[in-house]
Protein chains: 2
Amino acid sequence: MQRTLSAVEYSGDEEQLAVFAKALSHPVRIKILLLLATQQCCFTGELTELIPMAQSTISQHLKALLEAGLIQGEINPPKVRYCINRENWVLAYTLFEHFFYTPEAENSCTCGDRELQ
Amino acid sequence: MQRTLSAVEYSGDEEQLAVFAKALSHPVRIKILLLLATQQCCFTGELTELIPMAQSTISQHLKALLEAGLIQGEINPPKVRYCINRENWVLAYTLFEHFFYTPEAENSCTCGDRELQ
DNA sequence: TACATTAATCGCATATTTGGGATAAACGAA
DNA sequence: TTCGTTTATCCCAAATATGCGATTAATGTA
């Protein structure tokens, strides 16, 4: 889309954080990640049995998570085992942590006395 | 959309996390939040001067952040001062932290030896 | 070779997001 | 009252996201 002449500049962290956040922006992807993260180890398309969604839909969400780098997969025909990509998991953790930690957080703000909307 | 007969069930945390993540899923919203979080305190539509986007677009993104609960605003006609909603900020921080912290994280995974894609 | 299993991809419909111009709303100031 | 300032809304266009059925691809097995 981007019809502006002067495009907005983003830092690498800003863009990377947005990518991770977008991957987490759908509850079913949150659920999938939680399953993968807490299951003994890897996981497979048994997700289809745990989540009442079409196989193609689950596959699509897995692809989104794969592209965001939050999971990785091992082809083991005809099955595929997915698991958390620990390296990027830690990266995401770090980015979110730094993002939410703001030194000025303690500065009380006079804003919001009259709540908007 | 959701044409499935048996809808997927999500926990409150899963849904709330997805809502926060969606709010963070666009780099310009990340940038706005960082500006609000690090600026001495509140902020206003000077965002329009800092970010080369149409005023209506900035306003839209602010609305999205407002609806997600990450910011709050104080009407001070004809200006509006926005600032971080600290309460929900902490809630989001907590949710992301718990999400990324997985006890099983240490379990090495044989997955990904043969990288997929 | 023919078949079964598993998962990705395609095609389609619908919904949501994104961006911006134009306009409206709210208010103080002249 | 009429303007000017600031911000939200409305409207439109284009891009993405979401969901699913059908199909394809890859491989082991009978």
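Just so you know, these numbers come straight off a predicted model, no measurement behind them. Numbered from 1 within each chain, the chains take letters A, B, ... in sequence-line order.
Rounded to whole Å, the distance from CD1 on B:Ile58 to C1' on C:dG21 is 15 Å. As rounded to whole Å, 13 Å separates atom P of C:dA8 from atom CG of A:Asn76. Nucleotide C:dA4 holds its C1' atom 13 Å from the NZ atom of A:Lys79, rounded to whole Å. In this structure, NZ of B:Lys63 is placed 15 Å from C1' of C:dG19, rounded to the nearest angstrom. Separating the CG atom of B:Leu62 from the P atom of D:dT6 is a distance of 16 Å, rounded to the nearest angstrom. Put simply, CG on A:Leu66 is 9 Å from P on C:dA8, counting in whole angstrom units. The CG atom of A:Leu65 sits 11 Å away from the P atom of D:dT18 (whole-angstrom rounding). The separation between A:Glu46 atom CD and C:dA7 atom P is 8 Å, rounded to whole Å.
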Show every donor-acceptor pair shorter than 3.5 Å between a side-chain atom in residues 53-64 of chain B and any protein atom, with sequence neighbours excluded, or say none if there are none.
| residue | atom | partner | partner atom | Å |
| --- | --- | --- | --- | --- |
| B:His61 | ND1 | B:Arg29 | NH1 | 3.0 |

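Residues from residues 14-33 of chain B placing a heavy atom under 4.0 Å of any atom in DNA chain C, listed by number, are B:Lys22, B:His26, B:Arg29.
Contacts of B:Phe96 classified as ring pair (Phe, Tyr, Trp, His ring centres under 6.0 Å), with partners at least two apart in sequence or in another chain: A:Phe96, A:Phe100. For the side chain to side chain contact (heavy atoms under 4.5 Å, CB included) test, residues two or more places apart in sequence or in another chain that qualify with A:Glu87 are A:Asn85. Every residue two or more places apart in sequence or in another chain was checked for a salt bridge (charged side-chain N to carboxylate O under 4.0 Å, His left out) with A:Lys22, and none qualifies. Listed by chain and residue number, A:Lys31 satisfy the side-chain hydrogen bond (donor to acceptor under 3.5 Å, both in side chains) test with B:Glu14 (two or more places apart in sequence, or in another chain). Partners of B:Glu15 according to the side chain to side chain contact (heavy atoms under 4.5 Å, CB included) rule, which considers only residues two or more places apart in sequence or in another chain, are B:Tyr10.
Every pair tested for side-chain hydrogen bond (donor to acceptor under 3.5 Å, both in side chains) that includes a residue from residues 90-100 of chain A fails, sequence neighbours excluded, so the list is empty.
Separation of atoms OG (B:Ser25) and CG (A:Leu17) is listed at 10.5 Å; rounding is to 0.5 Å.
For B:Gln60, the side-chain atoms get nearest to C:dG20 when compared with the rest of C:dT6, D:dT9, C:dG20.
The side chain of B:His61 contributes an N or O atom lying less than 4.0 Å from OP1 or OP2 of C:dG19.
The distance between the ring centers of B:Phe20 and B:Trp89 does not fall below 6.0 angstrom.
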Using atom names, set out every protein N or O paired with an N or O of nucleotides 21-28 of chain D below 3.5 Å, distance rounded to 0.1 Å.
| residue | atom | partner | partner atom | Å |
| --- | --- | --- | --- | --- |
| D:dG21 | N7 | A:Ser56 | OG | 3.3 |
| D:dG21 | O6 | A:Ser56 | OG | 3.2 |

